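From a predicted model like this one, the values you see are computed outputs, not experimental measurements. In the text below, chain A, chain B and the rest are named by the order of the sequence lines, each starting its count at 1. The analysis underlying the following values was restricted to heavy atoms, covering all of them including side chains, and did not include hydrogens, waters or symmetry mates.
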There are 4 protein chains.
Amino acid sequence: MNECSFILVNSYSLKVESMKDAVQEQLIAARRNQILEAATRVFAEKGFHLTTIKDIAKAAGIADGTIYNYFENKTALMLSILDLMNESDQRSEDFSKFSAMDFRSFIKGYMRHRLMVLKADNFGIFRVVISEVMVNQELRTLYYQKIIEPTFIMAEQFFQQWADQHIIKPIDINLTMRATSGMILGLIMLHIMGDTLLDEKWDALPDFLTDLLLDGIGDKP
Amino acid sequence: MNECSFILVNSYSLKVESMKDAVQEQLIAARRNQILEAATRVFAEKGFHLTTIKDIAKAAGIADGTIYNYFENKTALMLSILDLMNESDQRSEDFSKFSAMDFRSFIKGYMRHRLMVLKADNFGIFRVVISEVMVNQELRTLYYQKIIEPTFIMAEQFFQQWADQHIIKPIDINLTMRATSGMILGLIMLHIMGDTLLDEKWDALPDFLTDLLLDGIGDKP
Amino acid sequence: MNECSFILVNSYSLKVESMKDAVQEQLIAARRNQILEAATRVFAEKGFHLTTIKDIAKAAGIADGTIYNYFENKTALMLSILDLMNESDQRSEDFSKFSAMDFRSFIKGYMRHRLMVLKADNFGIFRVVISEVMVNQELRTLYYQKIIEPTFIMAEQFFQQWADQHIIKPIDINLTMRATSGMILGLIMLHIMGDTLLDEKWDALPDFLTDLLLDGIGDKP
Amino acid sequence: MNECSFILVNSYSLKVESMKDAVQEQLIAARRNQILEAATRVFAEKGFHLTTIKDIAKAAGIADGTIYNYFENKTALMLSILDLMNESDQRSEDFSKFSAMDFRSFIKGYMRHRLMVLKADNFGIFRVVISEVMVNQELRTLYYQKIIEPTFIMAEQFFQQWADQHIIKPIDINLTMRATSGMILGLIMLHIMGDTLLDEKWDALPDFLTDLLLDGIGDKP
DNA sequence: TATGAATGAGCATTCATTCAT
DNA sequence: CATGAATGAATGCTCATTCAT
């Protein structure tokens, strides 16, 4: 064995090492996701407080203790679910496809996107997150910082641009954004609370809300 | 003792009985309210699940067991609080004072009313009710039937009337109502979640929202 | 009913009240003792860490939860047992019966007392207390302050008095006390560790130790 | 390959084997010591029950599972630590250096040795061992057989010899030894329990105790 | 009716030990 | 032999609810 082969071997073993590490990391990530997925499912069904660690472990097909190899405690599961929601939001928040559209289509497209994504899984985890956020200060802060604030920061650019182009009136942009988001959020909550009419007309909402938002309901002859 | 006296006594005792009953009922109602008031206070502070019966009993200045003489269980307390909110809503929902106003003033007045009432006690019990409603089917149904539905039914009359008078456009009234309520509900939730801008501009909201709702944000030259 | 009778009635009801309270207090004290007695028994048998709350509850014939109506937690039980030991020490520490004796008899009497009391219940709880004291800072401090220090303070007076009367040599009283207590403590521990010879000759110890302490083992012709 | 080469090879391989074995054994012993050293350190700091296998593994820089390749279970670690203490005792118990001294110097030297060795590492593992010994029958027996009994057996020879030479009085040697050891043990425990005076005067103890033991405290004119 | 002590099911969390890799 | 993820039994503690007084 010459020096060169020694180096090669070494390099090979390094490669193997790093490959092992990579595999390890993937396994860990997979297990984490498995647990989070199960937790999301059970939380969505029974709510945070009525869900036991045993429930989640059973749903994930693992032992109770294993969960604690991946998460500090029950609350940490909730926080991680928030992160997951955040990530999936970020990933899906692809505005490029909307940007070529005219203004009205953009708003409609965006609303359709938001309303459909949540409807898709029946507002499951959203319900639980909101429930806990209402009552848990830590989660509340996290939710605002990770999900709501970033959205506002991004949305502000759009609204500002539209205001500059005189597409929308020169009104308080911050309040406008909040009124808009609030409307969507509130409608989702009304739906969750069991408003059947909203359920029936959910698909019509994007168009309806866009018109309402842009034109108002006042009848000006 | 003759028959007559028997009757008299009887009649007297009945009277006394019924008087006693009346007093009793009042006492019972008073105690119930005492408990509910305490429960509301503690729930608002700590949330439903972190509040113990002992907490409530202590806040009400009575023994744990006494609560169970007036309420089936902890959940029943929550339901009764809902009823209380409902009643106070009904009582305050005095539209007569608004009815003389012109349309825009009416909307502004109504919004101001709703937004201020909740802000007043810092959204305390509202937060908890929402939290539980998100997660508890029974409560959800009750909340919808007792609070949301009645509001919609009443509001519908107003909107219909305005539509007939061509004050608002001939659009889907049901969706309009829901969008309006949703907007208010959503803004309250954004405030609860810690949106500081909303907190600062809360007083400006009624006027802003009314204009937004009636005129839209689109800039039509 | 005149004022006087009113006062009497009042005074009577006060009396009843205070009697009820007194009974209550006795019941509470009784239950506390019941639990402590059970805890002492089980701790002595299995040691602190291997004893479960369920064990103690079972031994006391009550439910697990009841224990927590009387003690903060498992550790508090241990601390209370210390207090109990302390109290019983104080009560039994009646030196008056020794004080009439001559010096040598006094020492013998005291040693006999200490060695017999502990032997009586087979060093049971003493073993556990020592075990925990070795390892638990809080308990250690408490044990020293409540049991050891008071003993030293009292003993110091005796030794000082004997030194003044030239009954004992003018040596370091503090070290002497500690050596004496240490000897007793150490012998108890050797017994606990299973020294059979000590067990056999336990009754001879008081006399032996007294002579050893007073005269030394050195053979001075 | 002929027979001879076979033998050679065989013999060679045997040699290699046995060399390998020797190396292996050394490696095993080294790993065992590494683990025991770590365990001793952590036990001394946190106590037996509050120390986890993970703690020890981390302190030893190895994986949890590895410990179980060298020790049956957590208790076995404790037992092995006892053995280690025993060995180090045996090794240090070199009385030859004392044997030339006169009697009083011998006792002083021995006491100084015992008291300093333990003080040196702040009674760390001693505290834990005593704690467990108090409560664990198996450990108790082992401790007595491996540490206490051998000491007594050896000490007996010395005392017997001194008695024969009329250096010490013709008293019960077994009780004398126990009283002496007990005194040292008890003083160590008082120190552990936080007696500050003992801590200050620790260095003066050997001389003080020797005089006390030999001459007694009685003032005989 | 009021009390509050007693109950005991229920749960989050820990950790010694195992075992596949 | 080393690893460390997986296991799941075990436990301290909580708290809604009951019930004797």
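Rounded to an integer number of Å, the gap from Q34(C) CD to dA5(E) P is 15 Å. In this entry the distance linking CZ of R32(D) with C1' of dC1(F) reads 16 Å, nearest Å. Distance, I67(C) CD1 to dT7(E) C1': 12 Å, rounded to whole Å. The interatomic distance linking I62(C) (CD1) with dG4(E) (P) rounds to 20 Å, in whole Å. Going from atom NZ of K58(A) over to atom C1' of dC11(E) covers 13 Å, rounded to whole Å. Distance, F71(D) CZ to dC1(F) C1': 15 Å, rounded to whole Å. One atom, CD of Q24(A), and another, C1' of dA6(F), lie 13 Å apart when rounded to the nearest Å.
The number of heavy-atom neighbours closer than 6.0 Å to NZ of K54(D), taken from other residues, nucleotides and ligands shown, is 12 or below.
Under 4.0 Å is where a charged nitrogen must lie from a carboxylate oxygen, and between R41(C) and E37(C) at least one such pair does.
In this structure, F71(D) and L36(D) have side chains that are in contact, with non-hydrogen atoms separated by less than 4.5 Å.
When each of R31(B) and A63(C) is assigned the nucleotide of DNA chain E with its nearest heavy atom, R31(B) is the one assigned upstream, toward the 5' end.
H49(A) and H49(B) have parallel rings, their planes meeting at less than 30° on a 0 to 90° scale where 60° marks the start of perpendicular.
Within 4.0 Å of Y70(A), counting heavy atoms only, lie sugar-phosphate atoms of the nucleic acid but no base atom. L27(C) comes within 4.0 angstrom of no nucleic acid atom, judged by non-hydrogen atoms across all strands. Looking at heavy-atom distances under 4.0 Å, I28(A) makes no contact with the nucleic acid at all.
Looking at T51(D), L139(D), V133(D) one by one, the single match for side chain to side chain contact (heavy atoms under 4.5 Å, CB included) with M78(D) turns out to be L139(D).
In the model, T52(C) has a side-chain atom that pairs as donor or acceptor with a side-chain atom of D55(C) under 3.5 Å.
Checking side-chain atoms of R140(A) against main-chain N and O of M134(A) turns up a donor-acceptor pair under 3.5 Å. The backbone N or O of A76(A) sits less than 3.5 Å from a side-chain atom of S80(A), completing a donor-acceptor pair.
Listed by chain and residue number, nothing satisfies the side-chain hydrogen bond (donor to acceptor under 3.5 Å, both in side chains) test with E138(B) (two or more places apart in sequence, or in another chain).
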Heavy-atom contacts, protein to nucleotides 14-21 of chain F, under 4.0 Å, summarised as B (base), S (sugar-phosphate only) or - (none) per nt, yield BSSBB---
Dot-bracket, 5' to 3', for DNA chain F please: Watson-Crick or G-U pairs under 3.5 Å, [ ] where pairs cross earlier ones, | where the partner sits on another strand, dots elsewhere.
.||||||||||||||||||||
